[in-house]
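Indexing begins at 1, ligand by ligand and atom by atom, following the structure's order. Position 1 is the first residue of the sequence; numbering continues from there. Keep in mind that what you see is a predicted model, and the values were worked out from it rather than measured.
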Amino acid sequence: MAGRRIERCRLTSFSALKTVAPPLEDLEGRTVRGVERRGKFVCIGTDGPWLVAHLALGGWIRWYEALPSTAIKPGRSPIALRVGLDDGAGFDITEMGTEKRLALWVVATPEEVGPLAELGVDPLSPGFTVDRLADLLHATSSTVKTALTTQSLIAGVGNAYSDEALHRARLSPYKNSGRLDRDEVIRLHDAVTGVLSEAVERASGVDLADLKGDKKRAMAVHGRTGQACPTCGDTIREVSFATRSLQYCPTCQTGGKPLADRRLSRLLK
Ligand SMILES: [Zn+2]
C-alpha cells in the first residue's frame, strides 16, 4: 500500500469507529506511508492521520487488487469499512458474527489509542531479549500463564500461543513467574519466539478458507483436551475458567501431576 493514495473511505458499521476527530474523511486524498503491526493492532500510516484497527475475534482485512464497486448495505453486510486506493485496489475490514468488537480509530499518532500506548514489548522485535523477558517475569508474582498473556508486559500473545509456548518450554502454566530461574527463562524465550515465528511463517500465503483449520492443526496442546501429546503421548488436560480454558500436558509440564481445576475443587469442597 505504501505510496498509494487513499481515494475514499466508506464506513458502514458506525459503532466500530471509536473516534470522532479527526473525521474519517481526513484520510481521503492522503498517501499511505506504510503499515505496521503493534501487538494485535494494525496501524496504517499516511501523510495525514493514521487508521488503526483491532480485529478482535471475528475481524478480517480483505485485500482486493480490484475493489468491488457494488453498493454495501449498512447493517446487512459483514463489511464495516471499505477503503479504495487511487489505482483501483483497496480493502474491506469485515466482522462476522453478532458479537461486534471490531474497533477502528482515526488518530494523529497510534499512541493516542489507549490500549495500544500501554502495550509491552513485541515478542518478535529485537527488544525481546532473554534479559528483558527475565525482568518482566521477575517483576510480577502472577502465574507465568497470566504474565505471558498480559498485553502491557508482552504484546500480542493470547490464550492459544501461550499454551503452546509453555508446553514447548516444559513449564507449568501455574508456575510463579517471579520464581523462574535463568534456564527456565531461556527455554520460555526460545519457545515464545519459536512458536510465534513458526505461526507467522505457516500463515503466509495460506488461503483464507484454510487459515483457521491450519492454525488448529498446528497446535500441540491448545484446544486438544483428551488427545495425545505429540511429544510424549500423555493425555492432554485442561483447566477451565469462567470464559476460557487452558490446555497442558502433565508429563511435559507438571511432573505428571494434574493441575487443580480451581472451579472444580471449589465445587467439591
Ligand atoms: Zn507431553
Side-chain angles (χ1 to χ4, degrees), residues 40 57 120-124 128-130 132-134 136-138 140-151 153-204 206 210-268:
K40 296 179 179 180
L57 281 176
V121 62
D122 190 296
L124 294 178
F128 187 70
T129 59
V130 171
R132 182 79 183 273
L133 178 62
L136 292 171
L137 293 171
H138 292 157
T140 114
S141 57
S142 59
T143 66
V144 63
K145 169 76 180 179
T146 299
L148 271 185
T149 50
T150 300
Q151 300 300 303
L153 296 179
I154 301 165
V157 179
N159 194 29
Y161 289 116
S162 59
D163 278 354
E164 292 299 297
L166 289 166
H167 176 255
R168 190 176 293 193
R170 306 191 309 280
L171 287 172
S172 165
Y174 281 2
K175 186 134 189 158
N176 184 312
S177 86
R179 296 211 193 104
L180 292 187
D181 65 26
R182 185 75 185 169
D183 182 54
E184 290 170 326
V185 174
I186 292 171
R187 289 207 316 262
L188 187 57
H189 180 269
D190 287 354
V192 169
T193 52
V195 160
L196 291 179
S197 44
E198 285 162 30
V200 170
E201 201 173 310
R202 223 174 18 245
S204 302
V206 173
D210 301 326
L211 206 53
K212 268 197 174 153
D214 276 17
K215 181 183 169 188
K216 249 186 165 169
R217 273 190 295 279
M219 296 284 169
V221 289
H222 183 77
R224 296 195 172 275
T225 308
Q227 298 178 31
C229 168
T231 307
C232 73
D234 191 3
T235 303
I236 292 159
R237 291 181 175 253
E238 84 172 11
V239 181
S240 305
F241 304 94
T243 55
R244 50 166 55 180
S245 60
L246 67 81
Q247 283 85 34
Y248 68 100
C249 166
T251 296
C252 292
Q253 295 175 257
T254 58
K257 278 180 288 206
L259 293 173
D261 189 324
R262 285 163 183 173
R263 193 184 53 168
L264 198 63
S265 41
R266 216 179 5 253
L267 287 174
L268 291 173

Is the shortest distance from a Lys or Arg side-chain nitrogen in Asp214 or Arg217 to a carboxylate oxygen in the other one below 4.0 Å? yes

Check: [X] side chain, [Y] main-chain N or O, donor-acceptor pair, under 3.5 Å:
{"X": "Arg202", "Y": "Lys215", "result": "no"}
{"X": "Ser177", "Y": "Leu137", "result": "yes"}
{"X": "Thr146", "Y": "Ser142", "result": "no"}
{"X": "Asp163", "Y": "Gln247", "result": "yes"}

Mind listing the protein N/O/S atoms less than 2.8 Å away from the Zn ion (ligand 1)? Waters don't count. Cys229 SG, Cys232 SG, Cys249 SG, Cys252 SG

I would like to know whether His189 and Phe128 meet ring pair (Phe, Tyr, Trp, His ring centres under 6.0 Å); could you show each step before the answer? CA-CA 8 Å; His189 180 269; Phe128 187 70; 4.9 Å; yes

